[in-house]
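Have a look at the structure below, then the notes.
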Number of protein chains: 2
Amino acid sequence: MLDFIFYVWQNIGMRSYGQHCAVAKALDVIGDRWTLLIVRELMIRDGCRYTDLRNGLPGIATNLLAERLAEMEAAGLLEREAARPPVATTLFRLTARGRELEPVIAALGIWGAPLLPRKPDKAGFRDHWIALPIRLYLRDRHPEREPIRISIRCGDEWLTLATLGDGSVEVRSGSTNSPHLKLEGNPQMILSVLLGKTQIAIAEGEGLNIAGDVGILQRFRPVPAIAG
Amino acid sequence: MLDFIFYVWQNIGMRSYGQHCAVAKALDVIGDRWTLLIVRELMIRDGCRYTDLRNGLPGIATNLLAERLAEMEAAGLLEREAARPPVATTLFRLTARGRELEPVIAALGIWGAPLLPRKPDKAGFRDHWIALPIRLYLRDRHPEREPIRISIRCGDEWLTLATLGDGSVEVRSGSTNSPHLKLEGNPQMILSVLLGKTQIAIAEGEGLNIAGDVGILQRFRPVPAIAG
DNA sequence: CGGCATCCTCTTTGATACTG
DNA sequence: CAGTATCAAAGAGGATGCCG
């Protein structure tokens with residue numbers, strides 16, 4: 001049966017390296033252009049529409065997005081869900097298998113971070129992207145204490161950072177009532193402050209707007225791969 | 001200066017996603033077809049010749065290999081070294097920056113492992129590949145004790161597994177004197193036994209040839225990402 | 001032989017326009 | 001909104017040629 005599946009695979013046009021190697025097999029599935037960026041987008045906001053994806057993937061051609069989505073669905077990375085009326089749209093969500101790509105995305109982000117130019121180019125940036133490094137690289141030192149809530153604004157969009165009971169950090173879109181802290185400014189500066197890489201005073205000097213209990217930032221630590 | 005570098009980058013023909021995102025920037029550099037497999041190959045045996053690379057990358061076109069090597073050198077992933085006479089050949093090695101891709105390769109391998117067919121297809125397999133998962137996913141529980149040496153044969157090639165003082169495991173090509181253990185058989189079975197996923201008795205039933213101190217295998221543990 | 005460069009064909013992509 | 005359709009340009013793959 002497995003042989004049959006691989007026979008079909010090879011003959012369905014899915015280009016394969018044809019190597020008996022786990023890395024090559026992974027790249028057979030997620031090595032195509034744009035595929036991992038679509039995964040990134042769905043990891044940031046799971047269950048989003050075609051148009052949301054297009055907006056979160058500046059530069060992608062619409063035919064390519066459609067093609068990739070079909071391939072990724074066939075590969076079991078994502079699923080389509082018909083949203084309930086009256087919304088009447090299709091939502092794309094990662095499957096469990098798709099979410100298992102998180103360590104790959106995390107490792108790529110760590111490796112690619114030094115390649116980011118200091119000044120963000122507005123054209124190729126989307127405000128919600130900041131949610132990904134926060135979730136992947138930030139942890140709560142004291143998950144047993146009261147959850148942290150921070151309101152973040154970069155660009156026009158408001159985001160809410162909230163710690164969970166297991167020490168992980170979630171980011172939702174929208175604002176929150178009575179947050180411990182409000183951060184407004186450019187995303188790289190906000191991230192740098194959260195990760196403890198930039199002193200608060202310096203960040204304020206660079207234009208970051210901070211209001212609230214700055215002491216709460218001591219609760220955060222970066223994951224070892226970042227800290228090291 | 002940095003602006004200038006990025007200006008050159010954008011205009012040298014290096015296709016870029018143009019997104020201000022660390023994952024996208026990483027994929028700008030290592031997202032091209034074959035690039036990560038070349039990294040894999042150099043991670044297994046660093047400092048190898050063009051011909052060795054071609055042999056370790058079944059399916060690559062020679063012009064593509066040459067092109068990728070040039071791009072990767074320009075991107076600072078690898079270096080050429082003129083081997084001393086009388087060898088008179090060029091050796092390719094990863095730079096430190098190239099070696100930092102190890103977590104990416106490791107994460108891809110973990111994700112891709114379930115995609116491997118049970119029966120290895122001889123055509124698309126190279127014996128030395130087994131060195132990579134051993135190094136990435138196997139650790140010594142007791143690095144303070146005497147180093148472990150194991151001789152491995154899959155196919156025609158002999159490999160030597162040796163533990164280092166820091167708990168990591170290295171694999172060299174060639175045999176060794178008086179190893180604790182000799183393993184001969186198919187690579188997947190050998191790996192499965194080393195990672196503790198297959199009982200020794202079962203592996204022997206499946207054709208694996210084991211000789212020596214099988215108790216030494218208790219010293220090994222898989223890395224958490226595998227064990228979990 | 002080792003390390004490519006050239007030539008050619010085929011596939012993938014990117015940009016844009018169009019549709020139910 | 002959620003895609004198809006079309007078409008030009010770029011990239012991948014294969015064969016072969018060249019040069020020290």
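Because only heavy atoms are used, hydrogens play no part in the values below, and waters and symmetry mates are left out as well, while side chains stay in.
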Ranking A:Tyr17 and A:Glu67 by the position along DNA chain D of their nearest nucleotide, the one closer to 5' is A:Glu67

When you compare the side chains of A:Thr62 and A:Tyr50, does any donor N or O come within less than 3.5 Å of an acceptor on the partner?
yes

To the nearest angstrom, the CD-P distance between B:Glu81 and C:dG2 comes to 18 Å

OP1 or OP2 of C:dC4 versus the side-chain N and O atoms of B:Arg80: is any pair under 4.0 Å?
yes

What string of B, S and - do you get for nucleotides 15-20 of chain C, 5' to 3', if B is base contact, S is sugar-phosphate-only contact and - is no contact with any protein heavy atom under 4.0 Å?
BBB---

Atom-to-atom span, CZ of B:Arg68 to C1' of D:dA12 - whole angstrom:
8 Å

Which whole-number value in Å describes the distance from B:Leu91 CG to C:dG3 C1'?
13 Å

side-chain N/O A:Trp34 vs C:dG14 OP1/OP2, d < 4.0 Å
yes

Does B:Leu136 reach the side chain of B:Ile226, with side-chain heavy atoms less than 4.5 Å apart?
no

Contact under 4.0 Å: B:Arg33 side-chain N or O vs D:dA10 OP1/OP2:
no

Does the B:Asn186 side chain pair with the main chain of B:Met189, one donor and one acceptor, at a distance under 3.5 Å?
yes

When the C1' atoms of the five terminal pairs at each end define the local axes, what inter-axis angle does the helix from C:dC1-D:dG20 to C:dG20-D:dC1 show, to 10 degrees?
30°

Tell me the interatomic distance from A:Ile38, atom CD1, to D:dG3, atom P, rounded to whole angstroms.
12 Å

Just checking, any donor-acceptor pair under 3.5 angstrom between side chains of B:Ser192 and B:Thr198?
yes

Rounded to whole Å, CG of B:Leu37 lies from P of D:dG13 at a distance of 11 Å

Identified side-chain contact (heavy atoms from CB on, under 4.5 Å) counterpart of B:Ile38 within the set B:Asp32, B:Leu57, B:Leu64, B:Leu94
B:Leu57

Is the backbone of B:Leu132 close enough, under 3.5 Å, to the side chain of B:Tyr137 for a donor and an acceptor to pair up by distance?
no

What is the distance, to the nearest angstrom, from the CG atom on B:Leu57 to the C1' atom on D:dA12?
15 Å

State which of D:dG3, D:dG13, C:dC4 makes the closest approach to the side chain of B:Ala66.
C:dC4

Considering residues, nucleotides and ligands other than A:Asn177, do more than 12 of their heavy atoms fall under 6.0 Å from its CG?
no

Is there a donor-acceptor contact under 3.5 Å linking the side chains of B:Gln19 and A:Trp129?
no

Rounded interatomic separation in angstrom, taking CG from A:Leu64 and C1' from D:dG3:
13 Å

Backbone N/O of B:Ala82 and side chain of B:Thr90: donor-acceptor pair under 3.5 Å:
no

Taking CG from A:Asp32 and P from C:dT11, how many angstroms apart are they, rounded to a whole number?
15 Å

Between C:dC1 and B:Thr51, is there an OP1 or OP2 to side-chain N/O distance shorter than 4.0 Å?
no

